[in-house]
Amino acid sequence: SNGVIQIFTKRGATGAPKFDVKLAKGIITYPKGRYPDNVGWARDAAQASTMESVLGGSVTPYQLISRNFTEDLFETGSNTEASVSASGGTNAVTYYITGRFYDEDGPFGGKDNRGYKPGQATLAEDLMKRVQLNANVGIVPSGKTKINIVTGYNKTAFSSLQTNNNIYAVGSLAQFSKPERVASNNLTGTVAFATVNESMQQTVTQDVNHYNGSVNVNYNPIPWLILDAVVGVDYSSSIAENYRPFGWNIDGFGNSEPDGSKAYTNRDFIATSMQFNASATNRISDNIESDFIVGTQLIQQKTSIFSGNGVAFPGPGFAVAGAGANKDIYQFYSEVINAGVYAQEQIGINDHLFITLGARLDAHSAFGSNFNAQFYPKIAASYVVSDAPYWPGNIGPISTLQFKGSFGQSGLQPGAFDALTTYRAIASTTGAGISPQNLGNPDLKPEVSAEMEVGASVGLWNGKLTFDATYWDR
């Protein structure tokens, strides 16, 4: 079972407010010399003349001409970072609050000396903005109760050139360019697919919002009993877009989707969790102590994905997928719920023999309709011989001796739709239809694994040297 959502950050301290402010400014450059030069030569006077007019300088047939079309795209980037934090509090309330802002204009340029016609420009950008906010508040309303609230928010906006390792990526086209193939509409001499200038008309953007928070309440009503509850939430939302404007093939070289396209993916994810524990410590007799814990846990996860693609805009100025003449859409939604109860008893005898018995019962929304819950037992024992009252002290170099063993079971939950019979849509000349996709299984249950471990630990010369031996089987 997955754990409950609980966030740990810096905590405040009792005292007057303390503030910390930081400002930083930096520059970013790509290292030069990592990309080999593009080298070529003219085979005749006409080709040499074309190379002279595009690349400049003097070119004669069969003279090696070297240019670095990749490094021509580099520039000096910059970043700005600012952060502020505040902490303080009283005996009843402490706090730690921090905020950070980061703004980067990266070292990719591709804007100067590109030979653009009037009205044309590089549209691809190398930008990132990030805002982070975090807070940790501790509240002690009484000597028996403690409350801790932790929350965080992160927003990132990212804009990039096409960087995938594919035939339309800016870097790929620049590296594969050949000086002998340059032309007035192909300034780097790309071999196929699109010119470098055309590839820089493509834009890739992504906006991500992420929030998480948890509230922990700890209550100690009587000395031997502790009640602990945690509620947490984790939410993220992202929007990713890949855009080619109408007429992006400004050099008339590229022929893929010349009327533009827009692909997008919206993804939302939220996980909520609740956990409650009750632990009791009881000395049954002078020689026997009991530590007992019982609890319950609930975890819910929801995922929603909506994506689409629009191709062939009716004209310039359209930047939404819905304006495309040809459209595809995809939608996905899943909800997974896991609930469990658990208990554990640890008995300590004379502070040297410890026996632990535990069990967990899990129910999961992905289980088949004919299967309700899975039981996971565990047992463990630890025998610290050197802590026993009959231990004579050091036996030669042996100062400590422990034997231990355990056995337990755990489970891997099935996928959200594995138990269900699902179908996929198909298209044909005679109309739409469906075909089986997942057969499903109403008896589906988790994949259960059992684990056994035995071992011993020997300490020599008062802990100066320790040997551990463990046998593990799963």
Side-chain angles (χ1 to χ4, degrees), residues 102-106 108 110 120-132 153-173 193-194 196-212 234-250 254-271 301-336 416-417 422 424-427 432 437:
Y102 181 81
D103 185 12
E104 177 183 303
D105 185 350
F108 169 78
Q120 296 177 347
T122 295
L123 301 183
E125 297 178 310
D126 185 12
L127 305 175
M128 183 174 69
K129 296 181 184 293
R130 177 175 295 164
V131 176
Q132 293 176 292
Y153 173 73
N154 185 331
K155 178 178 178 62
T156 302
F158 177 76
S159 180
S160 172
L161 63 153
Q162 178 62 260
T163 58
N164 286 339
N165 183 21
N166 61 40
I167 58 177
Y168 292 103
V170 176
S172 299
L173 292 171
F193 310 119
V196 171
N197 281 1
E198 288 176 337
S199 68
M200 291 192 296
Q201 305 305 302
Q202 305 171 108
T203 60
V204 179
T205 60
Q206 185 175 42
D207 291 332
V208 179
N209 290 277
H210 180 218
Y211 169 81
N212 55 36
D234 190 309
Y235 171 75
S236 63
S237 174
S238 66
I239 301 175
E241 298 183 344
N242 197 323
Y243 176 55
R244 284 176 169 174
F246 181 89
W248 70 279
N249 57 335
I250 55 176
N255 58 12
S256 174
E257 301 174 351
D259 293 333
S261 65
K262 177 71 168 285
Y264 66 93
T265 300
N266 294 358
R267 185 182 188 275
D268 290 301
F269 172 81
I270 184 169
Q301 297 177 330
K302 296 180 180 180
T303 303
S304 176
I305 301 175
F306 190 83
S307 63
N309 183 50
V311 180
F313 299 130
F318 292 91
V320 294
N326 304 312
K327 294 180 280 287
D328 292 308
I329 61 171
Y330 168 81
Q331 188 172 13
F332 170 88
Y333 176 81
S334 72
E335 180 179 8
V336 176
F417 303 106
T422 60
R424 62 172 172 263
I426 57 174
Q437 185 174 30

Distance, nearest 0.5 Å, that separates CD1 of I329 from NZ of K327: 10.0 Å
task: Could you tell me whether the side chain of Q202 and the main chain of S199 form a donor-acceptor pair under 3.5 Å?
output: yes
- request: Kindly compute the distance separating CD (Q206) from OG (S159), expressed to the nearest 0.5 Å.
  value: 11.0 Å
- prompt: So do the side chains of V170 and V196 get within less than 4.5 Å of each other, counting heavy atoms only?
  reply: yes
- prompt: Distance from D105 atom CG to D103 atom CG, nearest 0.5 Å?
  reply: 8.0 Å
Considering all heavy atoms, the nearest S256-R244 contact: OG-NH1, 3.3 Å
- prompt: Which pair of non-hydrogen atoms, one from F313 and one from V320, has the smallest distance, and what is that distance?
  reply: CE2-O, 3.3 Å
- prompt: Would you say the side chain of E241 lies within less than 4.5 Å of the side chain of D207, judging by non-hydrogen atoms?
  reply: no
- line: For P314 and A323, the nearest pair of non-hydrogen atoms, with its separation, is CD-O, 3.3 Å
- prompt: How are the rings of Y264 and F306 set to each other: parallel, tilted or perpendicular (split at 30° and 60°)?
  reply: tilted
field: Shortest non-hydrogen contact from D126 toward F108
entry: OD2-N, 3.2 Å
- request: Measure the spacing between NZ of K262 and CZ of F318 and express it to the nearest 0.5 Å.
  value: 13.0 Å
message: Taking the side chain as everything from C-beta on, heavy atoms only, tell me whether I305 gets closer than 4.5 Å to T265.
response: yes
message: Checking the side chain of K302 only, and the main-chain atoms of I270 only, is there a donor and an acceptor separated by less than 3.5 Å?
response: no
message: Assess the residue pair R267 and T303 against the criterion (side chain to side chain contact (heavy atoms under 4.5 Å, CB included)); give the C-alpha distance rounded to whole Å, side-chain angles, the decisive distance to 0.1 Å, and a yes or no.
response: CA-CA 7 Å; R267 185 182 188 275; T303 303; 4.0 Å; yes
- prompt: Taking the side chain as C-beta and beyond, is there a heavy-atom pair between N249 and E257 under 4.5 Å?
  reply: no
query: Can you find a pair of side-chain heavy atoms, one from Q162 and one from N242, that are under 4.5 Å apart?
result: yes
task: Hey, could you give me the CG/CD distance between D234 and Q301, rounded to the nearest 0.5 Å?
output: 9.5 Å
field: Short side-chain donor-acceptor distance under 3.5 Å, E104 and Y102
entry: yes
query: If you take all heavy atoms of A263 and N309, which pair is closest and at what distance?
result: CB-OD1, 3.5 Å
Gap separating the CD atom of Q201 from the OG1 atom of T122, nearest 0.5 angstrom: 6.5 Å
message: Ignoring hydrogens and geometry beyond distance, is a side-chain donor-acceptor pair present between T156 and N154 at under 3.5 Å?
response: yes
task: State whether the side chain of W248 and the backbone N or O of S261 hold a donor-acceptor pair below 3.5 Å, judged by distance alone.
output: no
